[in-house]
Amino acid sequence: MSANQVALWYLVASICFIFALKGLSHPTTARRGNALGIAGMAIAVAVTLAVVYSATKNVAMILAGIAVGGAIGAVIARRVQMTQMPELVAAFHSLVGLAAVLIAIAAVHNPTALGLPNPIPAGNKLELFIGTFIGAITFSGSVIAFGKLSGRIGSAPVVFSGQHLLNLAIGIAMLGFGIWFFMADPTVHYWLPFVVMTALAFLLGFLIIIPIGGADMPVVISMLNSYSGWAAAGIGFSLNNPMLIISGSLVGSSGAILSYIMCRAMNRSFISVILGGFGAEGGTVVAGTEQKQVKSGSPDDVAFMLGNADSVIIVPGYGLAVARAQHAVKEMANALREKGVNVRYAIHPVAGRMPGHMNVLLAEAEVPYDQVFEMDDINGDFGSTDVVLVLGANDVVNPLAEVKGSPIYGMPILEAHRARTIIVNKRSMAAGYAGLDNPLFYMDKTMMVFGDAKKVVEDIVKALE
């Protein structure tokens, strides 16, 4: 395959990736976007195999790696639950970062094997330096994010005195050793600064993520997604692989944009997320609410209220995901529509533990897209809604966002508290990821229904029948 043919096919793959991102921006085109992404990656892998075969006449090891990795991925895809998707994404990000580091190590150890001059020119060393430290931070940071999301590590922020100064010192030292690696005489062995710089980057990734609380995990996931893309792009420059540069840049830029959107949805700045998540001071409880009593009811009570309403808005949260209740919720919504009730779903941008989590759950249950509304499109309708049913959500409907001095003051929320009647399903009165109590639960017009979301909704459906 000629160089022009390789460039042409890489261009085709890149176009597929671009249209894949475009397709994934809306539920109705997500399947097509996913198919275009698969096609683009298949083209990129096939062309790379062709290039390697023409140069070495041996791709057995690569094919073996693809077979093993593909088998592992297929098993994971079949077994993973939707509630486990956030930690799975974090785990995959860690592998991308680790791959970038391993490629950089191979390039420093044997430059000619990867098509680099020996000694490595200054420009390539700069690319390796950037790809390595971003990849190392991505790997260790993603491992911690995986642990927090999967429950293997507590979701509460881990903070200690002098933490930010320590991170700053490590970051400066990492850059110092990176500059040493970059400036080192080509005739001198430069393994020492490279290894120390890489080790410090691994440590920095760990220390950056541990002080971030669970409420900021959606931002962390998109941030690490961006990091993994930039790491891949940096290594792509070193390997002179345009496909890796383009795909890495697409992932990096889209992840950065998503991080910005998530921060806006939480009224947070990117810097404040990195410096510590919600609850870093141990959380806040609304004054006086700890002594108040809540009004609780049964699924039969809920069925009566829903069945006699003209309009209902359902707010899905992580509790719904844990209970795998999306199919039961769709059945309940269908039963209400048969009674003439206008039923809609309201989705907060950071509901669940990753961007789009609730949208995917509802799509899995084949909820029609025209019944699902984003926060900005439906917030104005809560005031004229008869009943709001909150299923396992907490922070995204917390009226404290309107209280000055609150840790979440200014955070855009679903304004469920403005509805005429509010029904909240939770397992208990435990605080959400932000570590804050929720005044919504204590309102006179709120009724709490405690229990597993799937069991509660199934009982509601039986009562409606």
**Q** Taking side chain as C-beta onward, heavy atoms only, is Met183 less than 4.5 Å from Lys125?
**A**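 Not in contact.
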**Q** So, for Thr198 and Val101, which heavy atoms are closest and what is the spacing to 0.1 Å?
**A**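 In this case the closest contact between Thr198 and Val101 is CG2-CG1, 4.0 Å.
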**Q** Using a distance-only test with no angle check, is there a side-chain donor-acceptor pair under 3.5 angstrom linking Asp437 and Tyr442?
**A** yes
**Q** Report yes if the side chains of Leu320 and Leu361 come closer than 4.5 Å at any heavy-atom pair, otherwise no.
**A** yes
**Q** Ring centroid separation for Phe129 and Phe181, is it under 6.0 angstrom?
**A** no
**Q** If I compare all heavy atoms of Ser228 with all of His93, which pair ends up nearest, and what's the gap?
**A**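 Answer, listing the atom of Ser228 first, then His93: OG-CD2, 4.1 Å.
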**Q** Do you know the tightest heavy-atom contact between Lys22 and Thr29?
**A**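 Where Lys22 meets Thr29 most closely, the heavy atoms are O-OG1, 4.3 Å.
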**Q** Would you mind checking if Arg324 and Glu364 are paired as a salt bridge, meaning a charged N to carboxylate O distance below 4.0 Å?
**A**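 Yes, charged N to carboxylate O under 4.0 Å.
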**Q** Between Ile246 and Phe17, is the side chain to side chain contact (heavy atoms under 4.5 Å, CB included) condition met? List the steps.
**A** CA-CA 9 Å; Ile246 294 172; Phe17 290 153; 5.6 Å; no
**Q** Taking atom CZ as the centre, does Arg420 end up with more than 12 heavy-atom neighbours from other residues, nucleotides or ligands that are less than 6.0 angstrom away?
**A** yes
**Q** Taking the six-membered ring where the residue is Trp, are the ring centres of Phe373 and Tyr345 under 6.0 Å apart?
**A**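 No, the ring of Phe373 stays outside the 6.0 Å limit from the ring of Tyr345, centre to centre.
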**Q** Quick check: are there more than 12 heavy atoms from other residues, nucleotides or ligands sitting under 6.0 Å from NZ of Lys454?
**A** no
**Q** Under 3.5 Å, is there a donor on one side chain and an acceptor on the other for Tyr10 and Thr48?
**A** yes
**Q** Looking at Arg344 and Asp381, is there a salt bridge between them, counting it only when a charged N and a carboxylate O are closer than 4.0 Å?
**A**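 Counted as a salt bridge, because a side-chain N and a carboxylate O are separated by less than 4.0 Å.
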**Q** To the nearest 0.5 Å, what is the distance between CG (Asn34) and CD1 (Ile38)?
**A** 4.5 Å
**Q** Report yes if the side chains of Ile413 and Val397 come closer than 4.5 Å at any heavy-atom pair, otherwise no.
**A** no
**Q** Go through it in stages, so that I can follow the logic: the residues are Phe441 and Lys426, the test is side chain to side chain contact (heavy atoms under 4.5 Å, CB included), and I'd like the CA-CA distance, side-chain angles, deciding distance and then a yes or no.
**A** CA-CA 10 Å; Phe441 305 154; Lys426 282 172 60 70; 3.5 Å; yes
**Q** Please report the closest heavy-atom contact between Ile209 and Gly141, naming both atoms and the distance.
**A** CG1-CA, 3.4 Å
**Q** Kindly check if the number of other-residue, nucleotide or ligand heavy atoms within 6.0 Å of CG (Asn240) is above 12?
**A**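 Open: at most 12 neighbouring heavy atoms sit under 6.0 Å from CG of Asn240.
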**Q** Measuring only between side-chain heavy atoms, which start at C-beta, is Leu440 closer than 4.5 Å to Ile422?
**A**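 In short, these two side chains touch, coming nearer than 4.5 Å.
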**Q** Side chain to side chain contact (heavy atoms under 4.5 Å, CB included) between His417 and Met443: does it pass, once the steps are laid out?
**A** CA-CA 8 Å; His417 58 285; Met443 289 182 173; 3.5 Å; yes
**Q** Decide whether a cation-pi geometry holds between Arg418 and Phe382; the criteria are a distance under 6.0 Å from NZ or CZ to the six-membered ring centre and an angle within 45° of the ring axis.
**A** no
**Q** Does either side chain, that of Asn110 or that of Thr112, offer a donor lying less than 3.5 Å from an acceptor on the other one?
**A** yes
**Q** Side chains of Asn438 and Leu400: does their closest heavy-atom pair fall under 4.5 Å?
**A** no
**Q** Taking the six-membered ring for Trp, are Tyr227 and Trp230 ring centroids under 6.0 Å apart?
**A** no
**Q** Report, as yes or no, whether the 6.0 Å neighbourhood of atom NZ on Lys445 holds more than 12 heavy atoms from other residues, nucleotides or ligands.
**A** yes
**Q** Just by distance, with hydrogens left out, do Ser94 and Ser142 show a side-chain donor and acceptor under 3.5 Å apart?
**A** no
**Q** Do the side-chain N and O atoms of Asn359 and Glu374 include a donor-acceptor pair separated by under 3.5 angstrom?
**A**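 Glu374 and Asn359 do have a side-chain donor-acceptor pair below 3.5 Å.
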**Q** Can a donor-acceptor pair be found between the side chains of Ser222 and Asn225 at a distance below 3.5 Å?
**A** no
**Q** For a side chain to side chain contact (heavy atoms under 4.5 Å, CB included) check, start with the C-alpha distance between Val294 and Thr446, then their side-chain angles and the critical distance, and finish with the verdict.
**A** CA-CA 8 Å; Val294 298; Thr446 298; over 6 Å; no
